[in-house]
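Inspection log for the structure reproduced underneath, given as structure tokens.
Start at 1 and go down the list; that is how both ligands and their atoms are numbered.
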Amino acid sequence: MTAISSTSTFAFGQTSAFTGSSLPLMQTYSPLTVSFVRGKGTRVWDQQGIEYLDAVAGIAVTNIGHSHPRITQVIQEQADLLMHTSNHYSITWQHELAERLTQLTGMQRVFFGNSGSEANEAAFKLARRYAQHKGVLTPKVVVMENAFHGRSLAMISASDSPSVRNGFGPLINDFVRIPFGDLDALDAVTQRYGDQIVALLIEPIQGEAGVITPPVGYLTALRTHCTRNGWLLMLDEIQSGMGRTGAWFAYQHEGIQPDVVTIAKALANGLPIGACLAAGIAADLFTPGSHGSTFGGNPLVCRVGCAVLDVIEEEGLVLHAAQRGTQLKDRLENRLSHLLQVQAIRGHGLLLGIQLNKPCRSLMQRALDRHRLLINVTRENTIRLLPPLIISEAEVDTLADAIHDLISQEW
Ligand SMILES: *Cc1c(COP(=O)(O)O)cnc(C)c1O
């Protein structure tokens with residue numbers, strides 16, 4: 001168990017040198033200077049009209065590609081009809097989307113918010129309610145080393161990155177942390193906290209951490225362990241879900257059924273939406289007035305969410321992601337594994353990470369300049385590839401060639 005002080009110090013007055021610092025924006029990001037004005041499918045164009053291949057998809061958001069005609073059409077139609085009423089009135093598109101999502105996931109009920117953090121926050125509040133129901137006064141939720149669950153106060157407490165947590169203490173102290181993929185550590189934490197533990201929250205694949213995949217059978221073992229101990233198994237599928245890994249949801253590779261699943265990012269292909277799905281006892285823990293959201297589940301986003309599901313189904317994108325993912329991983333392994341700079345190639349489907357032996361943030365800019373290519377770098381030394389699920393066979397080859405070129409050169 002790692003102990004990160006919840007009151008760790010923060011150097012006030014430290015300045016950050018980045019290009020946007022003269023803008024009237026809070027300095028929460030340090031963006032590259034390029035600015036995109038248009039997108040179509042797997043491509044985006046910058047202000048100079050230069051075309052780029054997008055292997056980031058807004059970090060697993062625009063899974064069906066930019067400006068998909070079907071999405072553009074339903075946004076226009078629904079904007080013309082009705083964008084917002086209130087959750088105090090019945091919203092048909094919300095019922096429709098909830099129905100479709102419960103069918104796809106095997107879950108029973110859905111709460112709609114506007115982001116991944118909100119979806120996870122709802123999951124955490126379910127864990128608190130569950131604790132109350134069980135009469136546990138100081139509940140604990142097991143989380144993982146290197147986890148990322150969002151930026152709300154509870155979710156930075158659940159997350160395990162100093163940059164996310166530092167300077168925001170005191171944090172929520174419900175969380176106990178164990179190494180990802182380690183069943184002995186799970187047993188140890190179970191012994192130590194016993195009946196205080198009410199839930200376990202985990203990403204089936206840790207995206208921000210560098211696309212870390214657990215050993216085969218790990219999720220199944222977690223399922224068994226949670227059932228045996230009466231904990232809720234809560235899966236954060238915000239990045240790994242919606243077809244990205246070659247299954248609708250990553251947990252489906254192991255055929256398990258969680259108690260709570262959170263979804264966001266790709267659910268409306270770029271419109272803000274988050275969903276917390278629950279089954280069994282967790283499905284009935286919220287009661288009228290106990291949780292809510294002004295924007296959550298509005299007719300516009302929910303209709304777009306339904307259209308996204310239609311497109312993924314009609315275009316066979318889950319299978320396509322599996323096939324293109326296998327192709328991409330094969331190409332990368334063939335071309336890169338002999339390079340000294342490459343320490344590991346990880347992931348499933350179109351969520352892949354290439355861990356290098358030194359910091360490689362600068363490759364994001366170099367990929368733009370040399371290859372007209374968008375890539376992501378996470379945890380300083382891992383290239384993360386999350387192209388739109390519609391990426392073609394030829395584009396996968398182009399992408400692998402470009403990555404090979406980028407890594408083979410000095411940077
Ligand atoms: C992006 C992400 C979140 C946070 O989602 P937001 O919409 O930024 O709040 C949480 N968990 C995982 C695994 C994510 O990838």
Protein heavy atom at shortest distance from [atom]:
atom	result
atom 15 (O) of ligand 1	Lys265 NZ, 2.6 Å
atom 5 (O) of ligand 1	Gly116 CA, 3.3 Å
atom 11 (N) of ligand 1	Asp236 OD2, 2.8 Å

Taking atom types as modelled and ignoring hydrogens, do the side chains of [X] and [Y] form a donor-acceptor contact shorter than 3.5 angstrom?
X	Y	answer
Arg379	Asn146	yes
Gln196	Thr138	yes
His68	Gln73	no

For ligand 1, does [X] get within less than 4.0 Å through its side chain, its backbone, both, or neither, judged by non-hydrogen atoms?
X	value
Glu203	side chain
Asn120	side chain
Ala264	neither

In ligand 1, which numbered atoms sit nearer than 4.0 Å to a non-hydrogen atom of [X]?
X	answer
Ser115	7 (O), 9 (O)
Gly150	4 (C), 10 (C)
His149	10 (C), 11 (N)

Given side chains that start at C-beta, do those of Arg151 and Val164 come closer than 4.5 Å, heavy atoms only?
yes
Leu277 versus Thr262: any side-chain heavy-atom pair under 4.5 Å?
no
Residues Lys358, Trp411; criterion side-chain contact (heavy atoms from CB on, under 4.5 Å); working and verdict
CA-CA 10 Å; Lys358 58 181 176 181; Trp411 74 85; 3.5 Å; yes
Geometric N/O contact Ser117 with ligand 1, under 3.5 angstrom:
yes
Does the Glu237 side chain pair with the main chain of Met242, one donor and one acceptor, at a distance under 3.5 Å?
no
